[in-house]
Each structure stands twice: as C-alpha cells, then as structure tokens.
Amino acid sequence: MSLAVVMGALIAVALAISLSPLSPLGPARFVYPYRGVSFDWTVLGFGVVALVITLESIGLVLARRELRRVRMDRRIDHREEIDWVTRLTTTSGVPLSLATGMRFALKSGRGVNAAPVRSAILGAVLAVVVLVTTVTFGASLDNLVSHPSLYGWNWNYALLSGFAGQENLPAPQVATMFDHDRFVASWSGANFVAGELDGQSFEMMAEAPGARVAPPVLSGHGLDAANQVVLGDATLAALHKRVGDTVTFSNGKTKSTKLTIVGTATLTPISKGLEMGTGALVATSDFPPALLNAQESAIPGPQAVLIRLRAGANTRAALRSLHEIIHKLNRNPKDPSPAGGLVAHLRPAEIVNYRSMGTTPAILGGGLALGAVVALALTLVASVRRRRRELALLKTLGFVRRQLAAAVAWQSSIAVAIGVVIGVPIGIVLGRVLRNLFAHEIDAVPMPSVPGLVIVLIVVGALLLANVVAAVPGRMAAGTSTALVLREE
C-alpha cells in the first residue's frame, strides 16, 4: 500500500510539472516571463508529504476495518445470502457470461477473495461526473462569451458621439433616422454622467423610463419611472441595500431626491466607470439639461444610441444603412461632426480573462478522467487476481476462455454503466450550479447550456472504453489455470 501511495504521489508531481507550461491563466500569461516547464520544489515537496500522510492514514483505517471484517468472517460460519443479484442472475435467463459479469460487478465476495467492487463503481461515477461537469460548465462559459447580451451588451451596435461619447447627438435627427430605418428593430438614446447615491459617487447610465433597449435585468425589473433606479450587484452591495429599498440621489446641481431600487442589471463598460456589476441606470429626467450636455452641443441629445437590429437582417446591408445615418448626422451645418462611430461590442475584463484560459479547463478535466480510467483498469486487474479460485472453478464447470473474458468485459461495462446512470445527472447539475455561481460572481446573466451531443458521445465513449480497459484483465481471467482449484481441493 505504501508503495502505491508513493508512486501515485510521484506520478501526480510529474503530471503537475508537465502541465506547468499551461499556466498562469488569464491576462498574466501574456506578460509572464517564463513560459516553459517550471516548478517550486518547496510547494511540491510539502504537497507530496501531505498527500502521502493523508492517503496512508486513510489506507490504514480501511485496512484495519477490512482485517476486522475478515476475522469476523472466520469466526462465524455464515451461509451465502441469496440476495437480489443472485436471484436476478439465476432467474432472468441472461447468458452465463453476462450473469457472471453482473455478479462480479455487484458482489464483492467475502474474506481474502473479496474484490474491490465499490471502488470500481465509485471510480466510474467520479470519472463521468468530472467529465460531464467540465463539459457542461465549459459549454455554458462558451455560450456566455458568444452571446454579448449575457454580459451586458443587450444590443447589436452602439453609435457613440464624437470624443468617445462625450458630445451629444442631435435628438430630432436621431429619432427621425432610426425610426425610419428598415433594419432597426428598436433603439434607445443614452447619456453617461456621474451622480451620487447615499453620498457615494457612481458612474450612471441615463435613459428614458421604459426604454426599448436597456441593459439585461438580473433581478426585479427595469427602469419604469423617474423615481426608480437599477443598480449593478456590486453597487447594491456597496450601498448595503436590497431591491425594494430607497436611496438618496444627488446630481450635484438640483435638490436631492429619493429613488426606489427596482432591480439589478448587468452593465457594460460602454463608458468609463461602468462595469458588469458597478454603476447605475437612472432616468434622463433626473439630471438637468446642462449636465447632459457638458460639451454644449448646438443641438442637445443622447451621447450614444443603442441599436437592436431586426431578426434575420442582412448584417452588411444594415451596416451600410447605419453608416449612411452617421454620414448624414455629420453633415449637419450647426454641428458638423457630432457622430463618432459604431461599436459592435465591448468585452468586459472578466470575459477577456476567461477567453485567455482557452482549453485549460477541458485539459484538466480530461486528465482527471484519465486517472479514473487507469484506476478502473487497476481495479479490474485486482478483481481478477482475487477471483482466481472462482474463475478456475468456472473453467472446470465448462466455461471457455471466451466466456471468462466476456464476463470481465461485462463486469467493466456494468460498472461504467452504473457510473453513467449516476454520474451524468450529477455532472449536469454540478455544471449548471458552477455556471450559476460563476455568473453571479462576475454579474453576468445566468443561462446554463447543456451540450447534449457531447454528453451522448461521453456515454458511448465510456462504454466503449470500458471494454477496451477490460481487454488485459479479460485475457488474464481467460488464462486462469484449473490447477489452482485442484491444489486447494
């Protein structure tokens, strides 16, 4: 046992060192000076010692428990119980190899010939859980990255005014042009201005109440009236408030007013100070015109237009139409260049960080699953060795080599099938829970995605791999000599 623990710890160290080129994760990877293999002997040394001590302690406890059970078996002359496995295999009429494999997979036996049945099933369950959890979580994160509306960009394009949205777009022309554009389904004007909530300064996005295009709501509802405010989750926490509470709002010019917190939303960094969980959405009427037109544009209006295209609209044609609107806005003689440019979408730092991780989570999940497969193979080998007397007895009763190999294959397949039945639902649930926790942590819209096709491929691959893994133990079982039984008898 000690040798197995030490060897396992050394293999873990080797695996950790081999995976070191994949780290660090996130933006730091691009500026990290050492991209190759690297390791810290202090951390690895203490880790190996802690791992060996922990596993040795667990092994000693289990060994003492098994020894106590074996001694009790020797003292008590018990009869073999006719349990449900025995009844099922003797009355169902299944082939002998399948019945034997089922009994090997579900019954551990007694005494020194007891086989590690529970560990094989547990290993299969853990392998499936790890894989399904990883692919479910990964698919959900891929869905997050590929859908900007989940991280606050709840529109297709944003038209910013000149100087990065600090000027104003002429409100009458904007309304006329976007209302009559055949590619635009809905649009809303927005301004960006700082304000205070309960004495704390925050960057705010101002829109008309009931705007057709607004940040995605996480809880409560959107902005419906001038006496309401929608906050980012981090801002809500900083104010120590909950949805339904009131805050004191001040724009620095007019008298302070009370606003009711009606919801939380995922805000996008379209303006400095706005982040996924930081900032506020308030009504345009909460600010005096002078604050909304700090650059004193000739024709006041929004600093940005949030544009949502019609479903199925031709993107190239829509872009041409939007650029024509920009050209017309910039031909205004009173304000010759109010419009800046179109922004497709802006990725917050949290999304950029995840994209930089690449396939690392999948590699780690695959490595853990590979370890579980190796453990299953070792368990099957141990099972065959401990059941040598039973295998030899079956051979004397007429089992041919092919039937013995098939019994081991069925044993492996049944253990993996149980792992699939138990592990797939658990993995899906864990993947969705982890995705929701991650979305809550970065203030994104939680929308878990379950990759059905990938999970089906995992199930099929697991069952096929179970038979591949059982090949060597099956040959060992088929080669069992009947002389073992003759010597004992």
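The shown structure was predicted, so the numbers you read here are calculated from the model rather than taken from an experiment.
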If you define the side chain from C-beta out and look only at heavy atoms, does anything of [X] sit under 4.5 Å from [Y]?
| X | Y | result |
| --- | --- | --- |
| Leu150 | Thr266 | no |
| Ile458 | Val135 | yes |
| Ile442 | Leu144 | yes |
| Ile270 | Phe192 | yes |
| Leu274 | Thr268 | no |
| Phe202 | Leu239 | yes |

Considering all heavy atoms of both residues, which atom of [X] and which atom of [Y] are nearest to each other, and what is their separation?
| X | Y | value |
| --- | --- | --- |
| Gln200 | Ala238 | NE2-O, 3.5 Å |
| Gly222 | Gln228 | O-OE1, 3.8 Å |
| Ser413 | Asn467 | OG-ND2, 3.3 Å |
| Leu342 | Tyr157 | CD2-CB, 4.2 Å |
| Pro446 | Asn436 | CB-OD1, 3.5 Å |
| Tyr151 | Met276 | CB-CE, 3.6 Å |

To the nearest 0.5 Å, tell me how far [X] [atom1] sits from [Y] [atom2].
| X | Y | atom1 | atom2 | answer |
| --- | --- | --- | --- | --- |
| Thr278 | Leu267 | OG1 | CG | 8.0 Å |
| Asp233 | Ser219 | CG | OG | 6.0 Å |
| Lys241 | Leu236 | NZ | CG | 10.0 Å |
| Ile414 | Leu463 | CD1 | CG | 11.0 Å |
| Leu126 | Ile121 | CG | CD1 | 12.0 Å |

Got a list of side-chain donor-acceptor pairs under 3.5 Å for residues 415-429, not counting sequence neighbours?
none

Non-neighbouring partners of Arg242 that pass side-chain contact (heavy atoms from CB on, under 4.5 Å), sequence neighbours left out: Asp245

By side-chain contact (heavy atoms from CB on, under 4.5 Å) - contacts of Val217 (at least two apart): none

Pairs satisfying salt bridge (Lys or Arg N to Asp or Glu O under 4.0 Å), at least one member in residues 426-444, at least two apart: none

By ring-ring contact (aromatic ring centres under 6.0 Å, His included) - contacts of Trp153 (at least two apart): Trp155

Neighbour count above 12 (heavy atom, 6.0 Å) for His221 NE2: yes

Exam field: side chain Thr136 to backbone Val450, donor-acceptor pair closer than 3.5 Å: no

Polar side-chain atom of Ser412 near backbone of Ala466 as donor-acceptor pair, under 3.5 Å: yes

Return a table of donor-acceptor pairs under 3.5 angstrom between the side chains of residues 304-319 and protein atoms on other chains or two or more places apart.
| unit_1 | atom_1 | unit_2 | atom_2 | d |
| --- | --- | --- | --- | --- |
| Arg308 | NE | Asn154 | O | 3.4 |
| Arg308 | NH2 | Asn154 | O | 2.7 |
| Arg310 | NE | Arg182 | O | 2.9 |
| Asn314 | OD1 | Arg316 | N | 3.1 |
| Asn314 | OD1 | Ala317 | N | 2.9 |

Residue from Leu437, Val433, Leu434 passing side-chain contact (heavy atoms from CB on, under 4.5 Å) with Phe137: Leu434

Worked check of side chain to side chain contact (heavy atoms under 4.5 Å, CB included) between Leu160 and Val343: CA-CA 8 Å; Leu160 301 179; Val343 180; 3.8 Å; yes

